[in-house]
Protein chains: 2
Amino acid sequence: MVDKTSGVPAFRQVAADLRGRIVSGEYAPGDRLPSERELVEHYHVSRPTIRDAVNLLRSEGVVVAEHGKGVFVRPPNTIHRLARSRLSRAARAENKGAFLADAAAKGFTPSSSVKVRFEAADERVAEYLRIEPGAEVTVRDRVMRANGLVVQLAVSRLPRELTRGTPSEEVDTGSGGVYARLEEAGHVIGHYAEHVGARMPTPEETSALQLGQGTPVITVTRVAYRDDGTPLEMNDMVLPADRYELSYEWAAE
Amino acid sequence: MVDKTSGVPAFRQVAADLRGRIVSGEYAPGDRLPSERELVEHYHVSRPTIRDAVNLLRSEGVVVAEHGKGVFVRPPNTIHRLARSRLSRAARAENKGAFLADAAAKGFTPSSSVKVRFEAADERVAEYLRIEPGAEVTVRDRVMRANGLVVQLAVSRLPRELTRGTPSEEVDTGSGGVYARLEEAGHVIGHYAEHVGARMPTPEETSALQLGQGTPVITVTRVAYRDDGTPLEMNDMVLPADRYELSYEWAAE
DNA sequence: GCGGGTAAGTGGTCAAGACGAGTTGTCGTC
DNA sequence: GACGACAACTCGTCTTGACCACTTACCCGC
């Protein structure tokens, strides 16, 4: 079953064979793969070699292992689509944050917890908000859950001057959220920018978002600007890549 | 150095210790870590355990291993920013595709190779292009390189009816690319949509993009629509997540 | 001085074996 | 019939030992 003369490592050959059986449908999503011992017999290689092969598939996000139960073909996840329309004033007027509106549409029970703190801007934050490094910023740390499961982390930062003495420094910002408070204070939002990337999660993110091995995270840094171009707020979001897709639309110029 | 009573697996403790030394700056980007044999002596665990720890860091994208040389702290990559303005007619008029314009700005030597083929639309393609599954589509398979290195894969699909007998079915589409040919044929592009996700690369993508272990890819599906809302083209792009960031901007509604 | 070969060091692969820990079904007891 | 203990499975961890492949630098011969 394994060609030792090909120069290709045995564990890669085993992984390739299993991957092929998965994409061909021989093992369907949710199916259990043969146990490691069965694979040892089938391919005539040692157990560590089988484990190397399975670990490769795990790091690719193709399968997930469950202790005591077996190794399963990763079932496809329901994808949440986040569109930029989630930020319209119309939505805010209905007292719905982006997350709550999504929950209502998708039919899950949302919850979230917020921590507020103040810190000095590091270089990256200072650049995005166009303030001096070291200047004080208000930080709103937010964990969003759907049906109790953590699905999104968000860290929002604003120059402290914009929030001093306003509900934006409280845990509960009131109807419409921070953006509504900003506009009440005369800071009308003119446009948004989002910068999207992806990377592997830190160990903290892995446990917080309960990510399976081989699942990257999508990072979104959104910056809200006033009419005159002054940055008002930046928001660093971390989303599990297997559960989210972002959509953007714009007219051709 | 490793606490066997804590319940935390040895290889995770080693990985956590090394990770800590990296984030603290003890090992700076580009530095070589101690060799596996040295780590064996230092932590008093077996070599496979050390390798498990290093592999964990590799899958996190924290370090990269080079055969015969050592394990190195991953140096930060230069990030290419892709903004949506890359699709303006003004840029097309200058006979620059998005990729060429980027190259000129960043100062690298671009090259790309294209393969054209025809195939039947599968379900996903049919849905995006709003055609019947099985209908013929023109497929333009493109590999983009910067200084000889592959940096981007793109698969463009158009309904065959739109391209029959036009340069869009040739390898060289002429000045301004496929979009220019579409507009000449009366299909004026009204708006674009992009759907952004991330996942771990397939083995083919890993070798084509020369990705290090622990590097996800960003997937972008761009759809170009005519004024009346008819989909004209879809473009599946795959970008190495450690080299790209996408930026979007829009006015507040 | 230059070139090539070689040795030492690096990570890559693989085996055989042992024990731990979580899960599930079964079978006996109450 | 219900419950609990146990057995038999699963994957998780770790060791010892071995050999291979790649890189680098040194050294010797020319």
Side-chain angles (χ1 to χ4, degrees), chain A residues 1-18 27 30-59 61-74 203 206-207 210 212-214, chain B residues 1-18 27 30-59 61-74 203 206-207 210 212-214:
Chain A
M1 281 304 169
V2 173
D3 178 4
K4 308 215 175 203
T5 69
S6 68
V8 178
F11 80 96
R12 289 189 188 280
Q13 293 186 43
V14 173
D17 187 63
L18 290 174
Y27 299 125
D31 279 5
R32 216 202 74 190
L33 262 53
S35 77
E36 295 180 350
R37 269 106 184 153
E38 286 167 346
L39 293 174
V40 164
E41 291 214 352
H42 179 54
Y43 290 106
H44 303 296
V45 294
S46 71
R47 185 157 167 245
T49 301
I50 292 295
R51 285 191 60 79
D52 282 348
V54 172
N55 279 335
L56 185 58
L57 296 180
R58 289 174 63 180
S59 75
V62 175
V63 301
V64 290
E66 293 183 42
H67 195 164
K69 295 168 75 174
V71 177
F72 300 84
V73 179
R74 168 167 290 181
T206 299
S207 64
Q210 299 186 39
Q213 205 181 334
Chain B
M1 282 306 168
V2 173
D3 178 4
K4 308 214 175 204
T5 68
S6 68
V8 179
F11 80 96
R12 288 188 189 280
Q13 292 185 45
V14 173
D17 187 62
L18 289 173
Y27 299 125
D31 280 4
R32 214 201 78 189
L33 262 54
S35 77
E36 294 180 350
R37 276 128 183 127
E38 286 168 347
L39 292 174
V40 164
E41 291 214 351
H42 179 53
Y43 291 106
H44 303 296
V45 294
S46 71
R47 187 158 165 241
T49 302
I50 292 294
R51 287 190 59 79
D52 282 347
V54 172
N55 279 335
L56 185 58
L57 296 180
R58 290 175 62 180
S59 76
V62 174
V63 301
V64 290
E66 295 183 40
H67 195 166
K69 294 168 75 175
V71 177
F72 300 84
V73 179
R74 168 166 292 185
T206 300
S207 63
Q210 299 185 42
Q213 205 182 330

Heavy atoms, side chains only, cut-off 4.5 Å: are [X] and [Y] in contact?
X     : Y     : result
A:T49 : A:Y43 : no
A:R51 : A:V54 : no
B:R74 : B:V63 : no
B:D3  : B:V8  : no

Quickly work out the [X] [atom1] to [N] [atom2] distance and round it to whole Å.
X     : N      : atom1 : atom2 : value
A:E41 : C:dA15 : CD    : C1'   : 16 Å
A:H44 : C:dA15 : NE2   : P     : 12 Å
A:D3  : C:dC14 : CG    : P     : 12 Å

Nucleotide-resolved protein contact map, nucleotides 6-14 of chain D, B/S/- at heavy-atom distance under 4.0 Å: ----BBBBS
Side-chain H-bond candidate by donor/acceptor type, A:S6 with A:Q13, under 3.5 Å: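 A:Q13 and A:S6 do have a side-chain donor-acceptor pair below 3.5 Å.
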